[in-house]
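Structure first, then comments.
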Amino acid sequence: MANHDIDITVRRGTVHALIGENGAGKSTLMKILYGMQKPDEGTIEVDGEQVTFSNPGDAIARGIGMVHQHFMLADYLTVLENVVLGSEKLYGIGDRARAKIKEISDAYGLNVRPDVHVEDLGVADRQRVEILKVLYRGARTLILDEPTAVLVPQEVEALFDNLRELKAEGLTVIFISHKLGEVLSVADDITVIRRGTTVGTADPANTTTKQLAELMVGSELPSPETRESTVTEVPMLQVENLRLTATDPDGVVRSLLDGIDFTIHKGEVLGIAGVEGNGQSELVEAIMGMRTLESGVLSLDSVDISHRPTRKRREDGMAVIPEDRHRHGLLLEAPLWENRILGHVTEKPNSKGVFLDPRAARADTERIVREYDVRTPGIEVTAASLSGGNQQKLIVGREMSHAPKLLIAAHPTRGVDVGAQAQIWDQIRAARREGLAVLLISADLDELIGLSDTLRVMYRGRLVADADPATITPEELGSAMTGAATGHLEAPVEEASADDTPADDTSAEGPAGTQADSGTGPRAGADTPNDPSTPDTGSDTDGGEDR
Amino acid sequence: MKKFDKERVLLAIAAPLLAIIVAFLVTAVVLAATGKEPFNAFRIMFDYGSKSDSQVYILNKATTYYLAGLAVAIGFRMNLFNIGVDGQYRLAAFFAAALGGALTLPGAIQIPLIILCAMIVGAMWAGIAGVLKVTRGVSEVVSTIMLNAIATAIIGYLLQVGRLGELDEAGTKIATKPLPESAHFFEFPTQPAPVWGFIVVAIIAGIVFWFTLARTRFGFDLRTVGQSGSAAEASGVNVKKMIVTSMLISGAMAGLIGMPTLLNDSYEYGGDFPVGIGFTGIAIALLGRNNPVGIALGALLWAFLERGSGQLEFQGYDKEIVGVIQGVIVLCVVIAYEVVRRYGLKRQQRQVGAKLAAQARNSENQEVSA
């Protein structure tokens, strides 16, 4: 049962936010509202009229449209073609459709150009095309599933402006998110879902993110402890002048990564900020040994690993929390205990010599499930049957179980609920204290700023800027991510005093507390000003001198 | 957890059973449409198929089919479609027969030598497809089909008098030089006909297959590649090497397919050596879900159906009707497995959700009462 006793009322002409932990049942609820799934009991009313949806077509006919988290656009078609696809009957496929698209685009300030190919559009533009697609089909109520997950702060603001325009025109927006700060800034009403049921509503005008987070998690958030910086002088991962190229089918050699140079010391978290698709995935794959380097040297714990195969690198202490856990981190149709073996098949307790040791692997899976709070009825169920957050906890548990020297964490808390998020951060911090070096890649800038000791910005395959997480703000980082700023990012003076930001603003969405401690206690809901002396240690390690 | 497993087993059995029932129903319709009484035909098949000489026939035939199913299943577990099992086993059996006919050694040396030769030839032939795939990106489906044709041509060329073939005493057929007595594999002295001793090798092959996949690191890597190439690569498996290795193993296993016939029955490779078993192996691997026990059941069923088909002819039915049954079974099985697989995944997701929700509610209640 994914949902039970859901009561939700959305007023026309408002932005209604639906928040809840991952696996709380938000997506199921949305699927029901959009006709993709049928409720076992209960009723849905639109404009006071009871309706039943047996497929998305019914929902669209009632003016309900959905903008999915993963865009459903054909890259090689133009915007116009994408919009009319499947709804050719509405306004044809030619000038009439083009005029209609223009009209909608102008009415809501979406700024969509109908004749551009979708492949040439950025993420934010694609999202606007998705929204337009839904409006084109006559939707008066829009459901947006985690629309900000892929956007940088500036783009989020622009999206919110669009949403306000929609609202002003009398349209209704249902906004699913677990980024509480954003929810508070844009929503008129908030409904919180926990464990498949609605647990409360909140008025954004007089609610804090901390209160919201507690509603979501159902208990008080852990309070932070301030800790010393753990950065040491011992280099763990050294990347020197790394260059990676790829050859297009038509023979053009493109450079994917160029001149990448950095060092991560024992006990240090190096954060890489950047809009997705600027080479982060390639960097991870290069370090893991899944790609052949054009040039450059990689050394782990002072040993040159440039030419070692992936398996050897893993055995040598490289742990990976992959960006796409379904593609790279799990065998979805295999039981949990086999997933526990994945990536560590040559290591204890998974095998003895060339033979597997299923008994020991099972026992150790039980341990991971217990220690990392993976919510599952047992270890024989397939990985696919767990929620995203629990899958991630299993991966983190697995990777931490082999005494790693280096952890590559790509979006470690993406799609993970608040409770699990705090837990994963804790685990990363705890391991860092023991001397773990961490390469952190994240789209969540608060997470980056909160966890990292050093920050670098990646843009078009190069590290173009560096910043001190103690003083940088997400906005400044955001502008460097779009290539607008390079070099060492200095925060304006008044930003530095943000250490005293009240706890309420920081809360649950990042390891938050953003500006303060460069890498100290878990800080969801930081309510004490942090020790201002800690941030400095982070910046003298590797800030940007080696470029 | 126990309960989960029991239901899963039930689901696993439901699919092939359903497929077989549907296949018989469809066949009944076909028979009825051609104006023949369908259930009488089935009765003839079952009566005849359960006679003792039929039982021996079925076991012997199933031995060959079982090995074919295993050879294909190794590829399937890797997501490789080794259609070339057919060419691999024929080429392997041919060279093994030629080698066996040319040597006269004690059986304890000669027989393993023949088997080894067959496995090596099969592996090499399959290996070509593997190497082409990893170096040039050639689909193994295309390359193995072509290698089948090439194998046919090679055998046709070499199986001539003056090359590796010779005329028999009657002067009517060309075959390789017959194996000496010492190279005959042992038999179980059952009545009315003996059961081939190679069934023991087939069973051992099944056990090795299971053990390798389920209990060794190599098997885990192989299954990982089959389930998700990207996850395998990220986990440190050298996918390319794995493709070549598994093609080699699949080919080596294919090399065994001709051995029961060669060492227990024909003792030579001639124009009447069974062909097309590689394709039967595909059907059986599908039917048996790439599982060693399932493949055994599939092989037995296949042999049983074929045995029954011979008798149908005498009773005025077309024996091709068995082909219809087999074809429909394969179709149904593929569909049924996919349906059951999806249903099973969804069902488990629901169950897990329900269990967790129940747990959560329980703990909440406890908190409240505490």
Side-chain angles (χ1 to χ4, degrees), chain A residues 1-4 23 25 28 194-197 218-219 284-285 288-290 309-315 318 320 322 324-334 338-339 341-346 350-358 361 375-382 384-387 390, chain B residues 1-9 77 137 210-242 338 341-342 344-364 367-368:
Chain A
M1 184 163 40
N3 279 158
H4 58 98
T28 312
R194 173 166 22 111
R195 287 176 179 154
T197 188
S219 59
V284 170
E285 287 174 8
M288 283 176 70
M290 291 164 69
T310 306
R311 174 151 288 162
K312 184 80 181 89
R313 295 187 196 193
R314 286 212 167 220
E315 288 167 352
M318 192 182 282
V320 182
D324 184 337
R325 57 179 164 262
H326 289 179
R327 271 173 55 76
H328 292 125
L330 291 172
L331 299 174
L332 286 173
E333 295 191 17
E338 289 197 355
N339 275 289
I341 298 177
L342 184 69
H344 302 278
V345 69
T346 53
N350 300 329
S351 59
K352 285 182 186 156
V354 300
F355 300 112
L356 293 184
D357 189 348
R375 308 240 172 102
T376 169
I379 57 167
E380 299 293 335
V381 301
T382 56
S385 52
L386 298 191
S387 70
N390 284 311
Chain B
M1 276 337 294
K2 262 271 143 48
K3 203 172 127 252
F4 263 42
D5 288 342
K6 212 190 286 173
E7 288 177 9
R8 227 190 282 167
V9 168
R77 278 297 185 91
W210 170 82
F211 186 84
T212 307
L213 281 182
R215 287 285 183 274
T216 67
R217 267 165 34 181
F218 172 79
F220 187 84
D221 284 347
L222 191 146
R223 282 184 290 142
T224 306
V225 178
Q227 289 184 55
S228 166
S230 50
E233 208 184 340
S235 85
V237 181
N238 185 339
V239 174
K240 286 187 171 178
K241 200 171 131 200
M242 200 47 133
E338 189 56 26
R341 190 185 69 88
R342 287 189 194 174
L345 270 182
K346 269 212 181 117
R347 192 170 140 282
Q348 198 181 43
Q349 262 162 355
R350 260 204 325 272
Q351 278 179 341
V352 170
K355 278 208 173 175
L356 292 180
Q359 274 175 16
R361 268 201 301 280
N362 282 343
S363 62
E364 260 173 23
E367 276 163 31
V368 170

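Within every chain, numbering begins at 1; the chains are lettered A, B, ... in the order of the sequence lines, protein sequences first and strands thereafter. For clarity, every value in this text was computed on a predicted model and none was experimentally measured.
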Residue list, ring-ring contact (aromatic ring centres under 6.0 Å, His included) with A:His344, at least two apart or on another chain: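 If we apply the ring-ring contact (aromatic ring centres under 6.0 Å, His included) test to A:His344, skipping adjacent residues, the hits are A:His402.
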
Which portion of [X] sits near chain B, non-hydrogen atoms under 4.5 angstrom:
| X | answer |
| --- | --- |
| A:Pro322 | neither |
| A:Glu338 | both |
| A:Arg327 | both |

With chain B, which of A:Asn350, A:Thr376, A:Ile341, A:Val320 has the greatest number of heavy-atom pairs at distances under 4.5 Å?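 Sorted descending by pairs with chain B, the first entry is A:Ile341.
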
Which residue out of A:Leu356, A:Leu332, A:Val345 racks up the most heavy-atom pairs below 4.5 Å with chain B?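 Max contact count across the listed options: A:Leu356.
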
Residues that B:Ala234 engages under side-chain contact (heavy atoms from CB on, under 4.5 Å), provided they are two or more places apart: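 With sequence neighbours excluded, B:Ala234 shows a side-chain contact (heavy atoms from CB on, under 4.5 Å) to A:Met288, A:Met290, A:His328, given in chain and number order.
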
Is there side-chain contact between B:Thr216 and B:Phe220, with heavy atoms separated by less than 4.5 Å?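 The answer is no; the side chains never approach within 4.5 Å.
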
Can you confirm whether B:Thr212 sits close enough to B:Phe218 that some side-chain heavy atom of one is under 4.5 Å from a side-chain heavy atom of the other?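 With C-beta onward as the side chain, the pair touches.
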
Chain A heavy atoms under 4.5 Å from B:Asn238: which part of the residue, side chain, backbone, both or neither?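 The answer is neither part of B:Asn238.
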
Toward chain A, the part of B:Ala232 with a non-hydrogen atom under 4.5 Å: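 For B:Ala232, neither part sits under 4.5 Å from chain A.
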
If we ignore angles and hydrogens, is there a donor and acceptor under 3.5 Å between the side chains of A:Thr346 and A:Glu315?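 Yes, A:Glu315 and A:Thr346 have a side-chain donor paired with an acceptor closer than 3.5 Å.
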
Using modelled atom types only, decide if a donor and an acceptor are shared between the side chain of A:Arg314 and the backbone of B:Gly236 within a distance under 3.5 Å.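 The answer is no, because no donor-acceptor pair under 3.5 Å joins these two groups.
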
